[in-house]
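Residue numbers begin at 1 in each chain, while the letters A, B, ... track the order of the sequences. No hydrogens, no waters, no symmetry mates; every other heavy atom, side chains included, goes into these values.
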2 protein chains.
Amino acid sequence: MSKAELKKVSDTKVTKKVKKGEALFEEGDKLDGVFCVRDGISKLSKLSANGKDQIVKLASKGEVMGQRSVIAEEYTNLSAVAVSDMEVCFIPKDSIVHTLNRNPDYAVEILRHMAHDLKEADDVIVNMSQKTVKQRIAEAFLYLKSNYGEDEQGFLVLTLSREDIANVVGTATESAIRIISEFKKKGMIKTSGKKIGVLNEKLLQELTEGF
Amino acid sequence: MSKAELKKVSDTKVTKKVKKGEALFEEGDKLDGVFCVRDGISKLSKLSANGKDQIVKLASKGEVMGQRSVIAEEYTNLSAVAVSDMEVCFIPKDSIVHTLNRNPDYAVEILRHMAHDLKEADDVIVNMSQKTVKQRIAEAFLYLKSNYGEDEQGFLVLTLSREDIANVVGTATESAIRIISEFKKKGMIKTSGKKIGVLNEKLLQELTEGF
DNA sequence: AATATTATATGATAATTGTCACCTTTTCAA
DNA sequence: TTGAAAAGGTGACAATTATCATATAATATT
């Protein structure tokens, strides 16, 4: 859904506050509408057979969650949990279907957006299967920096727990922690509690490309 | 694109024969239309930084390739190479755009299809990051059997090279070969040249779930 | 403030996977 | 049909990653 189209619809809807850690929906839920993110960030994850959560995507301001299952009329394959305090609005299915039928351009816009998501998913697949954990973690920090920025002290604005970081890159929490320690020792990043700051972007970049 | 819609469009187009190993398009190409598969199977892959091909999807009869980039109006992020002799038809971009504008249902159909692809991609991400190579190979064989079937002697109809198998599950060719040997030793599969047959589906199934 | 709980951290070790070397078999083209 | 090239196969070893144990720090709860 395009931001413009979205705004038009969502402005008429009430927003809802969601606290960090709360779930918007769970894997297997039947969604009767989509959530659009007004503020804050949510993780979209899928439980794997071995009991670990794989974070497939982070959704922030302007993004929509749940549209895949609403459109395909399937139960959702992902869970959405707030990783920061959020403000979301809910757009009921009817309203979407209605707009879809009345406005062909709207469908094309959603289509474009989904095509983009699909490309991103392809990239994630390649990263997951071809890069080492170290490379994926380096990439994750660069991604967090460029997408959510850093604060005045140079720490990433979006603070994820070590466990969440591990679940983004698909590794064990201990492995993620170990690599974070290593990056710190090498001066590539700095930490303060769970906050992380990028110190040497170039080094991280080179690492992702296979030094 | 739905099979019904597709047929309508594609029946009016000339089909083209593509020999095994030939490329339909390469990563980075600008596509001015989509290819639909009439017969045979194509691999859709993406080159990773370390020079390995990651196969992201196999496309067979009724499936459409390249629609993502045509719709998003981006250069394609994937290469398409025939893994068996194929017959494809080409639908020019203009024809697609034209139909999109005239027929709203058509957009919704494509939308549904893409939503499905997106879900599948999510599943692949989870598999890639949470399952072992052994589990992924077992899964690949089950997938090949249920999607493309087996011949009279019980061998998988779609014969992939060991390298392609490795590229589907994202591992080194040698690792794939080793695991195939192991499966054979344990009586889970049989081989004959590069052909592979599933002997014990239950064992393979259990393996994918973590024995 | 004291305590329970959760998150972070690190060592030791095992399991998995990749890499390189080398050999054999199959395939294909001259 | 006969070599050359490609694909398949295996051993040895190195590198990566997971697991388990345990310790410490941070956070929440009463």
Side-chain angles (χ1 to χ4, degrees), chain A residues 19-22 48-54 81 83 127-138 140 155-156 159-186 189-197 207-208 210-211, chain B residues 19-22 48-54 81 83-85 127-140 155-156 159-185 189-197 207-208 210-211:
Chain A
K19 280 197 191 125
K20 177 176 171 179
E22 280 180 7
S48 72
N50 59 36
K52 274 187 193 161
D53 246 9
Q54 174 65 38
V81 174
V83 291
N127 277 341
M128 284 296 176
S129 50
Q130 304 281 7
K131 293 195 172 172
T132 64
V133 174
K134 208 175 288 185
Q135 289 176 311
R136 280 179 270 156
I137 291 184
F155 289 104
L156 295 173
T159 301
L160 293 175
S161 70
R162 305 292 195 257
E163 189 181 3
D164 276 344
I165 294 173
N167 290 345
V168 165
V169 303
T171 190
T173 307
E174 298 96 318
S175 298
I177 290 174
R178 235 178 273 277
I179 289 168
I180 290 171
S181 299
E182 189 192 326
F183 283 1
K184 195 177 166 183
K185 237 172 254 164
K186 290 185 178 161
I189 61 171
K190 62 179 174 181
T191 68
S192 167
K194 52 172 47 181
K195 285 192 292 183
I196 287 173
L207 211 160
T208 66
F211 50 116
Chain B
K19 280 199 193 125
K20 178 177 170 176
E22 280 180 9
S48 71
N50 58 36
K52 274 187 193 161
D53 246 8
Q54 176 64 38
V81 174
V83 291
S84 67
D85 287 347
N127 277 341
M128 283 297 177
S129 50
Q130 305 281 6
K131 293 195 171 172
T132 64
V133 174
K134 210 176 285 185
Q135 290 177 310
R136 281 179 269 155
I137 291 184
E139 199 153 43
F155 289 104
L156 295 172
T159 301
L160 293 176
S161 70
R162 303 294 195 254
E163 189 181 3
D164 276 343
I165 293 173
N167 290 345
V168 165
V169 303
T171 191
T173 306
E174 298 95 321
S175 297
I177 289 174
R178 235 178 275 278
I179 288 169
I180 290 170
S181 298
E182 189 191 326
F183 284 0
K184 196 177 165 184
K185 239 173 253 164
I189 60 171
K190 61 179 175 179
T191 67
S192 168
K194 53 171 47 180
K195 283 191 293 182
I196 286 173
L207 185 63
T208 65
F211 52 117

Inset, instruction - Grab the NZ-C1' distance between A/K19 and D/dA28 for me, whole Å please. - result: 15 Å

Legend entry - Under the side chain to side chain contact (heavy atoms under 4.5 Å, CB included) test, residues paired with A/K19 that sit two or more places apart: A/E22, A/D85

Legend entry - Rounded distance (Å) that lies between atom C1' of C/dT8 and atom CZ of A/F183: 17 Å

Inset, instruction - Starting at atom NZ of B/K20, determine the distance to atom C1' of C/dC28, rounded to an integer number of angstrom. - result: 12 Å

Inset, instruction - Provide, to the nearest angstrom, the distance between the NZ atom belonging to A/K195 and the P atom belonging to C/dA7. - result: 19 Å

Inset, instruction - Could you state the atom-to-atom distance from CZ of B/R136 to C1' of C/dG18 in whole Å? - result: 13 Å

Inset, instruction - Please identify each residue that fulfils side chain to side chain contact (heavy atoms under 4.5 Å, CB included) with A/A176, with sequence neighbours left out. - result: A/I137, A/A166, A/T171

Legend entry - A/S192 (side chain) donor-acceptor with A/K195 (main chain) under 3.5 angstrom: no

Legend entry - Value rounded to 0.5 Å, distance of CG in A/N167 from NZ in A/K52: 8.0 Å

Legend entry - Check: A/Q135 side chain, A/L207 main-chain N or O, donor-acceptor pair, under 3.5 Å: yes

Inset, instruction - Just jot down the side chain to side chain contact (heavy atoms under 4.5 Å, CB included) partners of A/V81, sequence neighbours excluded, or say none. - result: A/A23, A/K43

Inset, instruction - Ignoring hydrogens and angles, tell me if any N or O in the side chain of A/R162 forms a donor-acceptor pair with the backbone of A/I177 under 3.5 Å. - result: no

Inset, instruction - Hey, could you give me each pair passing side chain to side chain donor-acceptor pair (under 3.5 Å) that has a residue in residues 174-185 of chain B? Not counting sequence neighbours. - result: B/K134-B/E182, B/E182-B/K186, B/K184-B/T191

Inset, instruction - Figure out the NZ/P separation between B/K52 and C/dG18, and round it to whole Å. - result: 6 Å

Inset, instruction - Can you check each nucleotide of nucleotides 6-14 of chain D against protein heavy atoms at under 4.0 Å and return B for base, S for sugar-phosphate only, - for none, in 5' to 3' order? - result: -SSBBBB--

Inset, instruction - Only stems of 3 or more consecutive Watson-Crick or G-U pairs count here, both distances under 3.5 Å; name the ones for DNA chain D, or none. - result: C:1-30 with D:1-30

Inset, instruction - Could you tell me the separation between the CD atom of A/E182 and the C1' atom of C/dG11, rounded to a whole number of Å? - result: 15 Å

Inset, instruction - Check whether any side-chain nitrogen or oxygen of A/T132 sits under 4.0 Å from OP1 or OP2 of D/dA15, and answer yes or no. - result: no

Inset, instruction - Can you measure from NZ (B/K194) to OG1 (B/T159) and round to the nearest 0.5 angstrom? - result: 8.0 Å

Inset, instruction - Round to the nearest Å and state the distance from A/Q130 atom CD to D/dT17 atom P. - result: 13 Å

